[in-house]
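Following: one structure in structure tokens, then a few remarks.
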Amino acid sequence: MAWILRRIGVSLILAWLVASIVFMTLHLVPGDPAELLLSTGGIMPDPGAVAELRDRLGLNDPLLVQYGGFLRGLTRGDLGNSLIDDYPVLAEVALRLPRTLELIFAGAILAIVVALPAGTYAALHRGGAFDRVASGLAALLLAVPVFVVGTLLILMLAQWLRVMPAGGYVPFADNPGRHLALLALPALTIAKGLAAVLFRMTRASVLDALSRDHVRTARAKGLTPRGVLVRHVVRNALIPVLTVLGLHMGTLLGGTVLVEYVFNWPGLSTPLLRAVEARDYPMVVGIVLTISGLFLLINLIMDLLYAALDPRIRAA
Amino acid sequence: MTTLPRRSLLLAGATLPLLRRPARAQSTPDTLRFGLSAWPPNLQPWASTGASAGTVKLLIHRSLVSYDSQGELRGELAESWSHEDDGAWVFRLRRNAVFHNGEPVTADDIKWTLEQIAGERSTAYMRAQFQRVERIETPDAHTLRLVTKEPVATLPHWFGGYNMAMVWRKSAPNEPVGAGPYRLTGQERGSSLELTAFDRFYKPGLPRLKRIRFVVYADENLRAAALQSGDVDMIEYVPWQSMAAVESDPALKLDAVDGPFMDVLFNGTRGPFADARVRRAVAHAIRREDIVKTAFFGRGSPLEGVPIPRGTPWYDEQLAHGWNYDPARAKALLAEAGHPDGFQTTLLATAQFGMHKDTAEVVQQHLAAIGIQCELRLPDWSTRVSLGTRGQYEIAIHGTTAENNDPDGLSSVLDTTLSPSHGRSFGVQAPRTAALLAQGRAEFDPQKRVATYKDMQRAALEEVPMVGLAWRSQGYGMKRNVQGFANLPGALTTLSGTQLETAAFA
Amino acid sequence: MKRLIVPGTLVGLILLAALAAPLLPLTDPIRQDIMHRLAGPLPGSPLGRDEFGRDVLSRLIWGARTSLGVAFASALIAGIFGTLLGLIGGWFRGLGELLAVRSMDVILCFPPVLLALLVVTLMGPGAGTLILVLSVLYLPGFVRVTYAEVLSARSHDYVEAVRALGAPAPRILLRTVLPNVAGPVLVQLSLAVASAVVLESGLSFLGLGVVPPAPSWGLMIRGARATMDQAPMLLFWPCAVLTLTILAMNLLCDALRDAVDPRTSGPRPRLRAVDRLLPGLLPRRDATPESVLDVQGLTVEIDTPRGPIRPVQEVSFNVRAGETVAIVGESGSGKSVSTTALMGLLPPVARVVNGEAWFGETELLRLPEPEMRKLRGGRMAMVFQDPMSSLNPVYRTGAQVAEAIQAHQRVSAEAAWKQAEGLFRRVGIADPERRMRAYPHEMSGGMRQRVMIAMALANRPHLLICDEPTTALDVTVQAQILDLLAELQRETGTAIVFITHSLGVVAEIAQRVVVMYAGQVVEQGSVAEVFHDPLHPYTRALLAAVPEGETQPSGIPGVVPPPHAFPEGCRFAPRCAHAIPACSAAPLALDMAAPGRAVRCIRWTELAHPKEEVPA
């Protein structure tokens with residue numbers, strides 16, 4: 001239990017470091033949120049109005065005072081309000097995060113369903129036709145950038161064939177069918193890279209497991225190939241695969257920017273991008289803190305899961 | 001080149017009716033689905049937060065006046081207005097206008113609104129203008145008298161923008177109550193807004209649509225795709241590359257006008273660009289057609305003078321080409337200014353907006369041809385704004401729209417005596433231009449105003465407070481059966497939102 | 001190495017094109033020609049022109065220069081600094097570790113795109129910023145790889161030795177550790193370059209990367225995306241080149257990783273149909289009635305890149321019921337391969353090319369797999385050398401034994417568990433109920449081997465093959481395990497084949513012994529006879545050199561030759577003190593020296609000196 005507490009402590013320190021670094025660098029970045037807000041669309045604002053807005057937003061306070069305020073808010077669980085429309089950052093995160101998570105989970109499920117069986121099969125028939133084709137395909141999928149895939153999917157399925165909506169978002173409660181239709185393409189785009197990674201990882205991991213002594217023992221016991229495969233190869237091979245999956249899902253939290261942008265999916269990345277562009281400091285810091293915090297949390301969960309799956313870790 | 005495969009793909013699509021249906025959102029006759037280009041940062045009635053927010057604000061709120069489809073001022077909350085002999089502008093309010101809470105719109109509400117806009121703690125876009133109003137008088141509940149410190153001929157235009165919402169004077173600070181044809185009845189933060197018709201709107205029979213649903217498509221290609229696939233009924237800001245496709249689509253139509261324009265700004269406080277001859281050399285060095293072709297896919301027109309729209313009384317064919325493409329002349333001007341071999345400099349634009357970047361690339365190429373070697377600096381828009389306002393650049397690319405179609409609406413671009421701004425040249429000396437702009441603003445006689453503004457154009461061509469590059473087309477794309485909407489001419493295009501009150505499906 | 005050729009050539013060609021861009025007869029990649037905007041192929045522009053009328057081919061090649069330049073520069077910078085930090089962190093530990101290694105966690109907490117976004121807005125876009133961002137992003141990878149390698153290198157004896165000699169840390173790091181980390185760092189470098197190409201294009205696509213008009217693939221895609229309706233090929237070319245480059249680099253990385261990591265290297269298995277003759281087609285040989293196992297002429301072949309090798313050749317021996325036969329020899333003599341072949345557990349690369357093995361009435365070597373499976377763990381069972389790796393770490397030991405029972409008997413899980421408990425007790429594990437719930441790592445080595453034995457005994461085997469079951473254990477535990485096996489044999493009458501390199505163990509447990517050298521049997525006979533009167537010089541050398549039989553016979557100069565370098569004649573000749581030219585002339589046959597006594601030496605009669613002392 002002690003190591004869990006230690007890990008949590010380290011994670012909290014890391015999250016605080018990240019938030020502080022982002023807070024400080026943001027204020028160093030050129031650009032004035034007040035001026036920018038009032039200049040939206042190339043309009044030239046009145047300098048008096050800009051000065052007034054700066055004052056109202058507290059941007060004229062010394063940086064340390066602003067930082068102190070931010071930390072005080074943090075201890076109360078308050079991430080502050082957006083400089084643009086005074087909306088609470090926490091509410092924005094609460095609204096957007098589930099959508100990003102939905103996208104990631106949908107992509108991950110698609111990827112798992114395809115990649116795990118395919119990777120196992122390819123490893124068992126190493127060098128065979130399926131292995132060659134699937135490995136080649138995985139390499140190709142890894143090599144095609146996400147924005148290329150997204151753009152091509154829209155061009156073909158939405159604009160030419162018109163079988164899929166071009167992008168957007170409808171709450172599930174409003175229209176479940178359309179919600180899923182809109183989810184399909186971005187989830188597929190996310191699944192592409194993840195599936196390729198998982199496939200390779202599964203294949204390598206199964207190959208590694210196959211070469212283990214305990215698999216020989218299992219065969220020496222006279223277990224059926226199926227028994228050996230399921231109980232002694234796949235079960236053991238899944239442990240590293242799960243870790244990789246967890247790490248990738250953590251990375252995806254901040255890595256869906258391109259997908260959300262291309263498909264107009266209103267997740268967490270889009271307001272982050274926009275907040276950076278608009279120098280909406282509290283929003284940027286709040287979202288980054290959320291993403292890093294979740295990332296650390298996922299890592300923690302993965303470690304615990306790893307321990308649950310691999311009894312050797314539990315002892316350590 | 002692409003028509004053939006596309007046709008066959010469309011045909012293939014037609015054979016899959018089962019697949020097609022669920023993907024399309026149902027279109028209903030009393031709801032218009034409108035693709036916005038940006039999520040409105042906020043809907044504060046007086047602070048400017050861009051044209052997309054403006055479109056929504058124009059439907060929720062009303063000002064004293066607006067523009068009709070021909071671009072002429074028309075009454076809204078004000079029935080009529082006139083300039084009195086004592087120098088005051090008098091607005092007479094209509095009697096049947098009510099706010100969304102049922103309270104009548106009175107002169108006191110207008111006065112209160114204008115006081116907020118002009119107040120010390122105001123962040124309103126029109127703050128500076130209304131601080132020039134000396135007195136606001138309300139002789140009765142439906143009459144408003146504005147007395148300005150100096151005569152302003154264009155004052156009614158001040159009320160034409162989307163940042164001039166008249167608000168109920170007892171509104172809570174963050175809940176302004178407006179008097180527009182629609183009310184905000186729902187929003188999916190970051191992605192959509194829903195407006196519902198206000199049943200006591202003062203214009204009988206309007207608005208014609210029960211609901212307008214704004215859906216945000218920040219990506220321009222996606223926005224066009226949403227229109228083409230039938231996800232929305234109408235979009236603003238049709239990307240130029242998609243205009244041809246929208247025009248040729250039998251189910252769609254395009255309503256586009258040349259309104260906004262691109263220009264080159266200078267830092268006149270240091271270096272070669274302090275010299276008007278060098279600025280003029282830049283003006284003659286750029287082949288505008290190239291910009292129109294590359295940045296706007298031919299959807300626009302060259303701008304070789306001060307940005308006065310063609311067809312207005314102030315337009316002069318000869319003056320409009322005062323900065324014609326003439327590289328020889330540009331080189332001669334450079335030599336005259338002491339730079340026969342050109343010089344090295346930097347060109348500021350932003351990578352965040354394709355048209356800024358594309359324009360910058362063409363300008364860079366043409367300036368190189370006369371010996372001015374520019375290094376491109378393409379920070380994000382925020383940094384670009386910051387650098388512009390602080391004068392931390394040599395020359396910059398900018399794109400903007402005049403306030404309105406009156407030449408006075410160009411003051412913000414041409415008058416370099418105004419406070420520093422990212423959209424104006426920094427510290428460029430153009431005193432005659434500024435003086436003539438002020439003269440025109442105070443002149444009430446239409447004939448004399450035309451003469452003054454032609455002089456102003458002549459002065460600007462000499463002093464070069466900026467260099468016009470290209471008009472760009474601003475288009476609304478919509479289903480063919482959307483009727484009653486008109487894209488307002490010239491600079492007023494961003495105010496076309498009011499037209500949605502008469503829009504309906506045929 | 002062969003796998004490196006194709007992707008290596010491809011990457012080489014791309015690099016060459018990028019490097020040679022200024023020398024190639026290309027049009028200026030930034031010269032605009034608006035007249036020919038979006039034009040298709042033109043003379044001089046085989047791939048057409050872009051939205052500014054610039055030559056696409058030229059921009060592709062110059063773009064490679066930009067993209068790859070940025071990628072290589074950032075990977076190199078990250079590689080150099082990351083390796084340094086990793087070395088420092090791994091070597092000095094403590095504060096150095098905290099600053100150099102743990103600090104990387106902060107970078108890892110940032111989503112990469114966000115980090116890029118922040119740095120780019122702070123410094124303005126451009127190749128320099130891009131290189132900075134990418135090198136920061138790849139830094140943790142290098143630090144971690146180096147750190148891990150240094151930690152493992154530190155534990156190596158030679159590093160410890162150099163350290164003990166008092167060499168200064170920097171020199172040890174440079175001379176000893178760096179060559180060790182070079183492989184993994186090289187792999188990491190290639191990974192970083194490949195992924196930097198992807199990220200560079202992504203950032204340029206977002207407008208955060210290379211500044212126009214400089215050509216870059218990401219910028220080209222960004223530009224072409226706006227015109228994809230009018231000119232889809234414009235989108236296609238940079239996408240294709242980008243994808244191809246990344247693909248080639250990824251493949252190169254894979255191949256490189258395989259080459260560096262010995263675990264994944266090695267020959268690719270040939271899935272050729274092995275000659276599986278039906279047992280019925282073989283001449284029915286008169287099996288010695290009392291033999292449980294009778295092996296004749298067993299030969300195993302393995303395909304390697306250098307051609308087929310035969311680690312086991314013409315091996316023959318037999319085991320009678322209730323008897324223990326020891327197979328003894330140095331590492332590499334082919335002992336384990338022989339028994340693995342008998343169990344039908346050869347890896348796919350190896351196959352039996354000759355010989356027969358009769359297990360009672362059954363010929364094992366050509367038995368179909370389903371039949372073989374019924375025997376394995378049933379009537380014949382095996383105990384392996386390293387009980388730690390031979391037990392599955394993720395299951396409880398009891399479950400693993402019960403599983404062996406259920407593989408051969410139709411009993412409920414509960415009954416199997418009960419039986420397993422009996423087996424645990426039988427192999428001398430105290431408190432079996434608790435021990436059965438333990439995981440392998442929670443047990444001592446001896447205990448684990450008892451579990452393995454319990455597993456092997458689960459179905460009352462007639463034959464038990466023990467492959468060096470005591471090698472991994474310490475001396476006292478070893479004795480206990482040997483006692484246990486002897487006791488079990490007395491109770492059940494199981495025949496045991498016992499592989500070992502320890503003559504002490506042989507003396508203790510076996511009745512007969514088979515001495516193997518370089519894939520061949522060189523001598524066999526009863527333990528008493530062989531120990532008393534060794535006929536083969538190798539056996540003699542073994543006995544002389546190893547009084548206690550616990551370490552490799554250091555008295556014999558040289559090592560067992562690898563299978564691809566087996567000598568033509570007597571395989572021991574190069575190490576033999578009594579070798580004469582005739583020894584190496586031709587392959588030798590196994591001579592029957594006496595009934596039940598065989599030796600493979602042409603000089604055994606003249607060399608026989610039955611005077612030597614026999615170790616106890």
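Note: hydrogens, waters and symmetry copies are ignored here, and every other heavy atom, side chains too, is used. Order of the sequence lines sets the chain letters (A, B, ...), proteins ahead of strands, with each chain counted from 1.
- Residue B/Ala128 touches chain A through both its backbone and its side chain, counting heavy-atom pairs closer than 4.5 Å.
- Here the closest heavy-atom approach between residue B/Tyr125 and residue A/Asp46 is recorded as O-CB, 4.4 Å.
- Rounding to the nearest 0.5 Å places CG of B/Asp231 at 4.5 Å from CZ of A/Arg178.
- Per-residue counts of heavy-atom pairs under 4.5 Å with chain A were compared for B/Asp380, B/Val216, B/Thr494; the largest is that of B/Asp380.
- Only the side chain of B/Ser421 comes within contact range of chain A, judged by heavy atoms closer than 4.5 Å.
- Residues satisfying the side-chain contact (heavy atoms from CB on, under 4.5 Å) criterion with A/Leu110, sequence neighbours excluded, are A/Ala187, A/Leu188, A/Ala191.
- The closest side-chain heavy-atom distance from A/Met44 to B/Leu418 is not below 4.5 Å.
- Between B/Leu222 and A/Phe263, the closest heavy-atom pair is CD2-C, 3.8 Å.
- The shortest heavy-atom contact between A/Ile84 and B/Pro41 is CG2-CB, 3.2 Å.
- In this model, a donor atom of one side chain and an acceptor atom of the other lie less than 3.5 Å apart for B/Thr383 and A/Arg279.
- In this structure, A/Tyr87 and B/Asn42 have side chains that are not in contact, with every pair of non-hydrogen atoms separated by 4.5 Å or more.
- Interface remark: A/Pro266 contributes side-chain atoms only to the contact with chain B (heavy atom separation under 4.5 Å).
- There is no contact between B/Arg384 and chain A, counting heavy-atom distances below 4.5 Å.
- Contact annotation for residues 94-103 of chain A against chain B (heavy-atom separation below 4.5 Å, listed by residue number): A/Leu95, A/Arg96, A/Arg99.
- With a 4.5 Å cut-off on non-hydrogen atoms, B/Glu120 touches chain A through its backbone but not through its side chain.
- Annotation for B/Ser382 and A/Gly31: closest pair OG-CA, 3.5 Å, computed over non-hydrogen atoms.
- Only the side chain of A/Asp55 comes within contact range of chain B, with at least one heavy atom under 4.5 Å from a heavy atom of that chain.
- With contacts defined as side-chain heavy-atom distances shorter than 4.5 Å, the pair B/Ser122/A/Glu52 does not qualify.
- No side-chain heavy atom of B/His422 sits under 4.5 Å from any side-chain heavy atom of A/Leu36.
- With chain A as partner, the option from B/Gly50, B/Ser37, B/Ser48 having the largest number of non-hydrogen pairs under 4.5 angstrom is B/Ser48.
- Of the atoms belonging to B/Val385, heavy atoms from both backbone and side chain fall under 4.5 Å from chain A.
- With sequence neighbours excluded, the residues satisfying ring-ring contact (aromatic ring centres under 6.0 Å, His included) with B/Phe34 are B/Phe214.
- Legend: residues meeting salt bridge (Lys or Arg N to Asp or Glu O under 4.0 Å) with A/Asp85, ordered by chain and number and at least two apart, are B/Arg189.
- The heavy-atom pair separating B/Ala47 from A/Leu38 by the smallest distance is CB-CD2, 3.9 Å.
- The minimum heavy-atom distance between B/Thr49 and A/Leu37, with the atom names listed, is CG2-CD1, 3.7 Å.
- For A/Asp32 and B/Arg390, the salt-bridge test fails: no basic side-chain N is under 4.0 Å from an acidic carboxylate O.
- Each of B/Thr389, B/Leu43, B/Thr400 has some count of heavy-atom pairs under 4.5 Å with chain A, and the biggest count is that of B/Thr389.
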